[in-house]
Each structure stands twice: as C-alpha cells, then as structure tokens.
Amino acid sequence: MQVKVLISAEEIKKRVREMGEEISRDYADKELVVVGILKGAFMFMSDLVREILVPLEVDFMATSSYGHATKTSGVVRLLKDLDTPIEGRHILIVEDIVDSGLTLAYLTQLLQPRKPASIKTAVLLDKPERRRNEFEPDYVGFTIPDEFVIGYGLDYNNKFRELPYVGYVSG
Ligand code: 5GP
C-alpha cells in the first residue's frame, strides 16, 4: 500500500496559521469554547488552538466512526458528550473533514438547544462533492476532490493518523 502526499506538512502549517488569524479576528474581545471531534480532529485542533489568540477552553465530543468502511452509513451516533455547559458561550466545533455533512449537521443541531451564544465550525478539509445536505462549514482549510484521505489525524482502520501530511492511498 502506497501513500501519496496530497497536502504537505508545510502547506498545512501555513493554512492553519491563516485560519487561526481569521478566527482570532472574528472573535476579538470574545472567549471561545473550542470543541474537537474525536478522534480525527486531534492533530488539527492541537495546531489550530496554538494559532488562536483569544482566550479559550477546549472540550471534546466523539461520534461513531465508519469503522472499517470508507463510506458513511448515514447514521451518526454520539459516543462522548461535552463536559462543559455551553449556555451563553461562543462555540467553535473543530473537525478533520466534512464529507456528507451529516456529522456536523447532527452535532450543531444537538448543541443548539443548549442555548450557546453562537456555534461555528472549522474543518481542515472539505469534500463538497459528497454533501448530502445543505451544511456549510464556516472555516475551511482546503477543499479537496472526492478521494479517501488519511494522515494528520485521519485514519484508515485506525492507522496513519500520525502522518504529518494529508495523503491518499494508491495501489
Ligand atoms: P460526514 O458525516 O461529513 O460524512 O463525515 C465526517 C467524518 O467522516 C469525518 O470526521 C471522518 O471521520 C470521516 N471521513 C470522511 N471522509 C473521510 C476521508 O476521506 N478519510 C477519512 N480517513 N475519514 C473520512
């Protein structure tokens, strides 16, 4: 199995810095709760929060993964909820990739009744061709074609998350 580089570690670093600057401008004078979606977002989230200059807290949620499949089953299951109450707070959900859009639509709908001051989403990767709903992330690192990607937090069978770049499997 060969892995081809789609987005290098240097490109990711540069783009994550730009995203952090944009988020810092948008939330100037505010405080954030940055919510990472486990496990895929762990690397992007840890780099992104270091580039955000407003005071923030971190929390995590986990949803069911595809398991061994590379296509969504269409059903999202919550495996871990937030530890923090979010009423009146500004929430930034951080996710590795938006594909069908089902996960982030589900999570924003789940959090909305808790009355946060605002909810926005930041994703490293967006595959708009695959969308099955109207979901649009607020901050996007890279728009990519419909290819199954791995690395920088993203897995295949729970492997390859540690790669410092985003790649795809060929051969
Ligand atoms: P959605 O609910 O938008 O279809 O999918 C979101 C989740 O699907 C992501 O958090 C990720 O776990 C998984 N996913 C979607 N596309 C890919 C991909 O190309 N590679 C990997 N490793 N996971 C993906």
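In what follows, every heavy atom counts, from backbone to side chain, and hydrogens, waters and symmetry copies are set aside. Numbering of ligands and ligand atoms starts at 1, following listing order.
Heavy atoms of Asp96 found under 4.0 angstrom from ligand 1 belong exclusively to the side chain. Contacts with ligand 1 closer than 4.0 Å are made by no heavy atom of Arg130, backbone or side chain. Heavy atoms of Glu147 found under 4.0 angstrom from ligand 1 belong exclusively to the backbone.
For the side chain to side chain contact (heavy atoms under 4.5 Å, CB included) with Val166, the qualifying choice from Val5, Ile150, Ile144, Leu124 is Leu124, the only one to do so.
Arg15 has a carboxylate O that lies under 4.0 Å from a charged side-chain N of Glu18, or vice versa, which qualifies the two as a salt bridge.
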Check residues 29-36 and write down every donor-acceptor pair under 3.5 Å in which the side-chain atom is one partner and the other belongs to a residue at least two apart or another chain.
none

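The shortest separation from a heavy atom of Arg132 to ligand 1 is not under 4.0 Å, leaving the residue out of contact. Contact analysis leaves Gly40 out of contact with ligand 1, as no non-hydrogen atom separation drops below 4.0 angstrom. Between Tyr156 and ligand 1 there is no heavy-atom distance shorter than 4.0 Å.
To the nearest 0.5 Å, atoms OH (Tyr106) and CZ (Arg77) are separated by 9.5 Å.
Partners of Asp81 under the salt bridge (Lys or Arg N to Asp or Glu O under 4.0 Å) rule, at least two apart in sequence or in another chain, are Arg114.
Within a 6.0 Å sphere centred on NZ of Lys4, heavy atoms belonging to other residues, nucleotides or ligands number 12 at most. Enclosure of atom CD in Glu134 is not indicated, since only 12 or fewer non-hydrogen atoms of other residues, nucleotides or ligands lie within 6.0 angstrom.
The contact set between ligand 1 and Thr103, taken as ligand atoms under 4.0 Å from a residue heavy atom, comprises 1 (P), 2 (O), 5 (O), 6 (C).
When only interatomic distances are considered, the shortest N/O to N/O separation between Ile150 and ligand 1 does not fall below 3.5 Å. Any N or O atom pair closer than 3.5 Å counts here, and Ser100 shares at least one such pair with ligand 1.
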